[in-house]
Amino acid sequence: MLNVVFIPGLGADERLFELLNLSGCNCYYVQWKKPTTEIGIKEYLPLLIDQLPAFDSPPVLVGVSLGGIMAMEWRDIYPVKKTILISSVKNRDEVPGYFSIFEKFRIYNALPPTLLKKGNVLVKPFISDTSNKEAMKLFTAMIHDADDDFIKWGLNAVMKWKKKKSEASDLIHIHGNADHIFPLRYISKPDYVIEDGRHDMVLSKADEISKILMEEFSKMDTNKKGYKIE
């Protein structure tokens, strides 16, 4: 059976994938761990990988937003069967220019994470449809439960991410045409474009995302043996 590792976005946990309809695969959900020192994304990876068992064959990575960025670094170090990005970016060239301004002036240090938990205007770009009560409830619960220090670390890590190249092989990119965090116009050759999909579409467009994932999973060979994360 296919092993699939899900990596949530910043401020999220495994509840981010709760509305997806997945079957026929072994699902693993990594948990964000607060780093004890000021490390970058590559140095942070062992905190995620150490949570997983030894697999008989390379797993599939499914990463959302920051989770997708982590997946892009992960696949450079350890063999994976396929990487699937949702509402994320493949390299620095797909990150909007204003992120560089935020990094230069360290604006992210001036934004207390508690603002994200109050449902103000800073949260609005993440939300597709507040009438989707189930998605909204999950989203606000995750943001409320997120660790403030980890949110600051994650914002800092994204700003400093400099990956310039990304191999197209064994990579699937799912993106929304209404994503305000990583606008579609910056994304090079997405494999699937979700109509009216915003940054939180793994929740608000769960049926569409589920269908794509199941189609992609069905194409994969699970017979390759001898894989182990060490």
Side-chain angles (χ1 to χ4, degrees), residues 1-9 12-30 48 52-53 55-76 78-91 94 126-129 132 134-135 138-139 142 166-225 227 229:
M1 190 175 290
L2 196 66
N3 294 313
V4 184
V5 177
F6 291 87
I7 316 174
D13 54 38
E14 65 184 70
R15 288 173 289 181
L16 186 66
F17 307 104
E18 190 170 305
L19 301 183
L20 295 178
N21 180 20
L22 302 172
S23 60
C25 60
N26 295 319
C27 298
Y28 299 85
Y29 304 94
V30 297
L48 300 183
L52 301 172
F55 295 124
D56 290 332
S57 62
V60 176
L61 302 181
V62 178
V64 177
S65 193
L66 174 62
I69 291 174
M70 286 287 178
M72 291 304 296
E73 294 295 339
W74 186 324
R75 73 199 295 264
D76 287 345
Y78 299 99
V80 300
K81 187 177 296 292
K82 184 159 288 191
T83 306
I84 301 178
L85 305 185
I86 302 172
S87 305
S88 191
V89 289
K90 297 185 285 291
N91 52 57
E94 296 186 342
F126 291 91
I127 301 172
S128 292
D129 183 2
N132 187 332
E134 190 173 9
L138 284 171
F139 179 84
M142 285 186 293
S166 53
E167 294 294 332
S169 61
D170 297 324
L171 178 64
I172 298 294
H173 197 157
I174 308 169
H175 215 80
N177 67 356
D179 191 314
H180 297 309
I181 305 302
F182 297 129
L184 181 63
R185 64 181 180 275
Y186 294 102
I187 304 301
S188 175
K189 298 178 180 179
D191 298 278
Y192 298 92
V193 175
I194 305 299
E195 188 69 23
D196 297 324
R198 295 197 184 184
H199 202 65
D200 70 331
M201 66 182 185
V202 72
L203 286 171
S204 59
K205 301 286 186 179
D207 288 345
E208 293 178 60
I209 300 296
S210 297
K211 182 178 179 181
I212 292 171
L213 291 178
M214 294 309 297
E215 287 178 355
E216 290 297 329
F217 293 164
S218 69
K219 301 174 185 176
M220 299 180 198
D221 177 19
T222 60
N223 294 324
K224 186 177 179 180
K225 303 295 183 181
Y227 175 78
I229 291 179

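Values below: every heavy atom of this structure, side chains too, minus hydrogens, waters and symmetry copies. Since we're looking at a predicted model, the values are computed, not measured.
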- Task: Quick one: do H199 and F182 satisfy side-chain contact (heavy atoms from CB on, under 4.5 Å)? Show the steps, please.
- Result: CA-CA 8 Å; H199 202 65; F182 297 129; 3.6 Å; yes
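- Evaluation of the side chain to side chain donor-acceptor pair (under 3.5 Å) rule for E167 yields no partner, not counting sequence neighbours.
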Please list every donor-acceptor pair under 3.5 Å in which a side-chain atom of residues 19-26 meets a protein atom from a residue at least two apart or in another chain.
{"unit_1": "N26", "atom_1": "ND2", "unit_2": "N3", "atom_2": "OD1", "d": "3.2"}

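- Under the rule for a side chain to side chain donor-acceptor pair (under 3.5 Å), the partners of T83 that lie at least two apart in sequence or sit in another chain are R75.
- Looking at D179, its side chain never comes within 3.5 Å of a backbone N or O of L184 through a donor-acceptor pair.
- Between F6 and Y29, the two ring planes are parallel [angle under 30°; tilted spans 30° to 60°].
- Minimum heavy-atom separation, P59 to P79: CD-O, 4.0 Å.
- In this structure, CD1 in I187 is found 9.0 Å from CG in L85, a value given to the nearest 0.5 Å.
- Between E14 and P8 there is no side-chain heavy-atom pair separated by less than 4.5 Å.
- Among all heavy-atom pairs drawn from L171 and D191, the shortest one is O-OD2, 3.7 Å.
- Ion pairing between a basic and an acidic side chain is recognised when a charged N comes within 4.0 Å of a carboxylate O; D200 and R198 show no such pairing.
- Between I194 and E208, the closest heavy-atom pair is CG2-OE1, 3.5 Å.
- Under the rule for a salt bridge (charged side-chain N to carboxylate O under 4.0 Å, His left out), the partners of D76 that lie at least two apart in sequence or sit in another chain are K163.
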- Task: Dump the intermediate steps for side-chain contact (heavy atoms from CB on, under 4.5 Å) on V4 and L61, then the final yes or no.
- Result: CA-CA 6 Å; V4 184; L61 302 181; over 6 Å; no
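- Checked for salt-bridge contact, E216 and K219 meet the test: a charged N lies under 4.0 Å from a carboxylate O.
- By the 4.5 Å heavy-atom criterion applied to side chains, I7 and V62 are not counted as neighbours.
- Scanning for side chain to side chain donor-acceptor pair (under 3.5 Å) contacts around S210 gives an empty result, with sequence neighbours left out.
- At least one side-chain heavy atom of P53 sits less than 4.5 Å from a side-chain heavy atom of Y28.
- Considering only heavy atoms from C-beta on, Y192 stays 4.5 Å or farther from I209 through its side chain.
- Summarising the geometry of M201 relative to G197, their closest heavy-atom pair is SD-CA, 3.9 Å, with the distance given to 0.1 Å.
- For the atom pair CG (L16) and CD1 (I86), the distance works out to 8.0 Å, reported to the nearest 0.5 Å.
- With a 4.5 Å cut-off on side-chain heavy atoms, P190 and I174 do not count as touching.
- With sequence neighbours excluded, the residues that form a side chain to side chain donor-acceptor pair (under 3.5 Å) with H173 are K90, H175.
- Within the 4.5 Å cutoff, the side chain of Y186 has no heavy atoms near those of the V89 side chain.
- Using a 4.5 Å heavy-atom cutoff, the side chains of I84 and F217 are in contact.
- L2 CG to M220 CE: the interatomic distance, rounded to the nearest 0.5 Å, is 6.0 Å.
- Distance check: N91 CG to S188 OG gives 7.5 Å after rounding to the nearest 0.5 Å.
- Taking both residues in full, the closest heavy atoms of S65 and S88 are given as O-OG, 2.7 Å, listed atom of the first, atom of the second, then distance.
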